[in-house]
Amino acid sequence: MQEQGVGLDEDTVELELMQLREDMVDAVRLVLRKRGGATRLLHHPAFLACVVSAGVVLVVLGALNGEAMGVAWGVGLAVWAVAVFLGPGVSAGRMLEANRHHGLLRMTVGSEGVRTVSEHSDLRMGWANFGSYAESGRVFVLRSPDRAGNCALVLVKQGVRGERGVERLRELLDRHLVRV
């Protein structure tokens, strides 16, 4: 008798993983890159490098002209850009702190959705909980169905079990969600 929730069938992909900081940083950056409009631009490394450069120019010009306001604006711009660049790492660290107590995660992705089992929880999420997904070299990020498409779940590629596991997982996600 099959349990209610995520069913096991030939289209099921299993993952087993410990959450790592590098995976979570990659997931946060991926979510920010896949958002539209100003958010995507504000977190783009080239844009942030330009803002830091503009800040340095303001500091130099302000110092040469004896303008404290120019120096202050320049320092502020540079500090802001560095803070935005470091933000995904800080967010990932906070997520890991909040979830480290779960330990080893066993995830099953199947025709009915995703089931995550840890030492302290058993969570089942149907496909309706997700609106789309995005992929990087390290992770798949299942995004929430709202307009912002915030991260709802991270599937780490290194946690996939079996041959062709990542390809099978991608095929399964393509069947149920839109890739962005």
Side-chain angles (χ1 to χ4, degrees), residues 2-48 84-100 102 104-118 120-162 164-180:
Q2 193 172 6
E3 291 184 38
Q4 188 177 11
V6 177
L8 292 175
D9 55 33
E10 64 277 353
D11 289 329
T12 298
V13 176
E14 294 182 339
L15 297 87
E16 187 172 284
L17 58 112
M18 293 287 292
Q19 293 180 328
L20 301 176
R21 187 177 194 284
E22 297 82 22
D23 297 326
M24 294 301 107
V25 170
D26 193 47
V28 172
R29 286 203 167 117
L30 182 59
V31 168
L32 292 172
R33 278 196 314 264
K34 294 301 178 177
R35 284 188 184 162
T39 302
R40 180 188 300 180
L41 176 65
L42 289 176
H43 291 276
H44 196 283
F47 174 77
L48 295 173
V84 169
F85 180 76
L86 296 176
V90 172
S91 294
R94 294 284 189 203
M95 286 189 298
L96 282 175
E97 283 177 35
N99 291 296
R100 182 118 15 233
H102 287 291
L104 183 68
L105 300 176
R106 289 183 177 88
M107 304 173 99
T108 306
V109 183
S111 59
E112 296 179 25
V114 181
R115 179 181 182 191
T116 304
V117 178
S118 75
H120 303 290
S121 68
D122 186 344
L123 175 67
R124 298 164 194 254
M125 297 177 76
W127 291 114
N129 286 302
F130 312 108
S132 60
Y133 83 95
E135 179 181 1
S136 73
R138 297 181 71 96
V139 299
F140 291 99
V141 172
L142 280 55
R143 299 171 40 157
S144 61
D146 61 353
R147 185 172 179 222
N150 292 317
C151 179
L153 189 64
V154 177
L155 304 174
V156 179
K157 289 180 178 181
Q158 286 194 342
V160 176
R161 290 197 218 161
R164 281 196 62 245
V166 173
E167 292 90 21
R168 287 180 46 236
L169 180 56
R170 187 180 299 110
E171 291 167 4
L172 188 58
L173 294 174
D174 282 338
R175 252 183 275 146
H176 295 281
L177 301 172
V178 174
R179 185 187 319 208
V180 293

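Numbers for residues simply follow the sequence, beginning at 1.
Both tests hold for Arg29 against Phe85: distance to the six-membered ring centre under 6.0 Å, angle to the ring axis within 45°.
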Going by atom type alone, with no hydrogens or angles, which donor-acceptor pairs under 3.5 Å involve a side-chain atom of residues 15-22 and a protein atom two or more places apart or on another chain?
from  : atom 1 : to     : atom 2 : distance (Å)
Glu16 : OE1    : Arg106 : NE     : 3.1
Glu16 : OE1    : Arg161 : NH2    : 3.0
Arg21 : NH2    : Gly89  : O      : 3.0

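Every side-chain contact (heavy atoms from CB on, under 4.5 Å) that Phe47 has, sequence neighbours left out, goes to Leu41, Leu42, His44, Val51, Trp80. Remark: Asp23 pairs with Arg138 by the salt bridge (Lys or Arg N to Asp or Glu O under 4.0 Å) rule, at least two apart or across chains. Among residues two or more places apart in sequence or in another chain, the side-chain contact (heavy atoms from CB on, under 4.5 Å) test is passed with Arg100 by Leu96. Partners of Val31 under the side-chain contact (heavy atoms from CB on, under 4.5 Å) rule, at least two apart in sequence or in another chain, are Arg35, Val141, Cys151. Looking at residues two or more places apart in sequence or on another chain, you find a salt bridge (Lys or Arg N to Asp or Glu O under 4.0 Å) between Arg170 and Glu135.
A donor-acceptor contact shorter than 3.5 Å links the side chain of Trp127 to the backbone of Ser111.
The one candidate from Thr12, Leu123, Asp122 that meets the side-chain contact (heavy atoms from CB on, under 4.5 Å) condition with Arg115 is Asp122. When each of Val180, Leu153, Val178, Asp174 is checked for a side-chain contact (heavy atoms from CB on, under 4.5 Å) with Tyr133, only Asp174 meets the rule.
Under a cut-off of 6.0 angstrom, the local environment of CZ in Arg94 is sparse, with at most 12 non-hydrogen atoms contributed by other residues, nucleotides or ligands.
The line from CG of Leu173 to CG of Leu142 is 5.5 Å long, rounded to the nearest 0.5 Å.
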